[in-house]
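Presented below is the structure to which this report refers.
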Number of protein chains: 2
Amino acid sequence: MADSPTVREAAEAWEALFRCQVGMMRRLQKLAEFKELNMREYDVLFNLGRCPSGSSRLTDLNEHLLISQPSLSRMAERLEAKGLVERRPDPSDQRAVLVSLTDAGRELQRRIGREHVRHIHELLAPALDSGELAQLQELTRKISAALP
Amino acid sequence: MADSPTVREAAEAWEALFRCQVGMMRRLQKLAEFKELNMREYDVLFNLGRCPSGSSRLTDLNEHLLISQPSLSRMAERLEAKGLVERRPDPSDQRAVLVSLTDAGRELQRRIGREHVRHIHELLAPALDSGELAQLQELTRKISAALP
DNA sequence: AGAAAATCTATGCAATTGCATGTAATAACC
DNA sequence: GGTTATTACATGCAATTGCATAGATTTTCT
């Protein structure tokens, strides 16, 4: 069972993962916490929240998102207008823009995050036990780590 | 290890799965097979392709997608204009519209699908062996099956 | 049967998205 | 050191998206 996978095995596993993700997202997206900020916008705040330095270039941030660079550029603009993020030129590279959470942004991210996490638990807990979740985490991390 | 999971465990597993999905999608989306049809449109053809009856109501189809109902309605319109799908009234429910693949649609779906599957394999094979992919499939299917 | 509620799709419209491209700054090359 | 290539972000513009809602049919309830 430790053989190198066939194309079919890879495709079927991916399909299962993808469908699982769609099913979860469809349910999560509609919940109350995403009324004031949709999931894409929340995802930006979330990613900024876990930046070690507290701020990130737009391009680096974009690596973690599925939206295009121009889209992120404008989303950052809107989030700034809402007072949730700050933009300032990168002192070490005049082309770049550093984005970081404002206090209000951090607070909103945490508030939404708490609800979000609670709902994730509600969806996953009936399906998998603690050990299975750990397995799932390990497998998906392995994939992420191996991506080119 | 078979305990009921904590909120944290659920959230961390979900985050790992989500990031894995984003990483995979970002790479897959840019490949040549999605030049003539983007992933969202391909996904519609794919879902129609595996409909047992060969056709599906818009609403049922929409269950498997992340786009909104009006968006799907218009996407179906565009796919019909391209000659890839057919729309006809549901004889058993005058409100509903049945969508199905045309021959051209089925052929395009298969052509894109072959490339797509090959690329999925390229991304997953270096990360997981055959048994691990089977585990991943089982875990994600369990989640899908348990969703409300 | 008839009224009220629910379901399925389509459409008006504003907002968001992506593509192609522009501008400015940095890196690479000779 | 100066030219070329690359990188980072912004912007014009057309296409797509979602929200709110309308229109039409079916289901439910009494």
Side-chain angles (χ1 to χ4, degrees), chain A residues 22 25-32 34-45 47-48 51 53 55-82 84-100, chain B residues 22 25-32 34-45 47-48 51 53 55-82 84-100:
Chain A
V22 169
M25 291 288 266
R26 279 188 63 81
R27 284 155 182 88
L28 291 170
Q29 255 176 358
K30 304 187 176 171
L31 301 174
F34 296 114
K35 271 295 180 187
E36 47 185 327
L37 216 60
N38 68 37
M39 276 200 73
R40 286 178 160 180
E41 294 167 325
Y42 169 74
D43 205 29
V44 168
L45 299 195
N47 274 286
L48 283 178
C51 265
S53 78
S55 64
S56 165
R57 297 172 155 219
L58 280 182
T59 301
D60 296 337
L61 188 52
N62 203 10
E63 295 276 294
H64 302 283
L65 308 170
L66 287 177
I67 64 181
S68 68
Q69 176 270 313
S71 246
L72 176 58
S73 184
R74 279 165 172 144
M75 186 184 284
E77 207 168 71
R78 294 193 300 270
L79 291 173
E80 184 179 45
K82 288 189 185 181
L84 299 173
V85 307
E86 240 175 26
R87 306 158 85 193
R88 67 198 151 88
D90 182 344
S92 77
D93 184 343
Q94 304 270 100
R95 296 168 300 181
V97 170
L98 291 175
V99 195
S100 56
Chain B
V22 168
M25 291 288 266
R26 278 188 64 82
R27 283 157 183 85
L28 292 170
Q29 256 177 357
K30 304 187 175 170
L31 301 174
F34 296 115
K35 271 295 181 186
E36 46 186 327
L37 218 58
N38 67 37
M39 276 200 75
R40 287 177 159 181
E41 294 168 324
Y42 169 74
D43 205 29
V44 169
L45 300 194
N47 275 286
L48 285 177
C51 264
S53 79
S55 66
S56 166
R57 297 172 154 216
L58 280 182
T59 300
D60 297 337
L61 189 53
N62 204 10
E63 295 277 293
H64 302 284
L65 308 170
L66 288 176
I67 64 181
S68 68
Q69 176 272 312
S71 244
L72 176 58
S73 184
R74 278 164 172 145
M75 187 185 282
E77 207 168 71
R78 294 193 299 269
L79 291 174
E80 185 178 43
K82 288 189 186 181
L84 301 173
V85 308
E86 239 173 25
R87 307 158 85 193
R88 67 198 150 91
D90 183 344
S92 76
D93 184 342
Q94 305 268 100
R95 296 167 302 181
V97 170
L98 291 175
V99 195
S100 57

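All values derive from a computational prediction rather than experimental measurement.
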Starting the side chain at C-beta, find the nucleotide from [options] nearest to [X].
X: A:Arg95; options: C:dT9, C:dA25, D:dA10; result: C:dA25
X: B:Glu77; options: D:dA8, C:dG18, C:dT11; result: C:dT11
X: B:Arg78; options: D:dT17, C:dA10, D:dA10; result: D:dT17
X: A:Gln94; options: C:dT26, D:dT11, C:dA10; result: C:dT26
X: B:Arg74; options: C:dA25, D:dG18, C:dG18; result: D:dG18
X: B:Ala96; options: C:dT9, C:dC19, D:dC19; result: C:dT9
X: A:Asp93; options: C:dT26, D:dT25, C:dC19; result: C:dT26

Inset, instruction - Tell me which of A:Lys35 and A:Gln69 sits closer to the 5' end of DNA chain D, going by the nucleotide each one is nearest to. - result: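 Between the two, 5'-proximity favours A:Gln69.
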Legend entry - Toward the 5' end of DNA chain D, by each residue's nearest nucleotide, B:Ser68 or A:Leu58: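 Closer to the 5' end of DNA chain D: A:Leu58.
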Inset, instruction - Ignoring backbone atoms, establish whether B:Ser73 has a side-chain N or O less than 4.0 Å from OP1 or OP2 of C:dT9. - result: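 Indeed not, no polar side-chain atom of B:Ser73 lies that close.
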Inset, instruction - Could you check whether A:Arg57 gets within reach of a base, just the sugar-phosphate, or nothing at all, counting any heavy atom under 4.0 Å? - result: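 Since only primed, P, OP1 and OP2 atoms lie under 4.0 Å of A:Arg57, the category is sugar-phosphate.
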Inset, instruction - May I ask you to verify whether the side chain of A:Arg40 and the base of D:dG18 hold a donor-acceptor pair under 3.5 Å? - result: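 No such pair is found, so the answer is no.
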Legend entry - Nearest-nucleotide 5' precedence on DNA chain C, A:Ser92 against B:Leu98: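 It is B:Leu98 whose nearest nucleotide is closer to the 5' end.
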Legend entry - Passing candidate, side chain to side chain contact (heavy atoms under 4.5 Å, CB included) with B:Ser56, options B:Asn62, B:Leu98, B:Leu48: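 Of the listed options, the one satisfying the test is B:Leu48.
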Inset, instruction - Side-chain contact test, heavy atoms from C-beta onward, threshold under 4.5 Å: evaluate it for A:Leu66 versus A:Asp43 and give yes or no. - result: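 No; the side chains remain at least 4.5 Å from each other.
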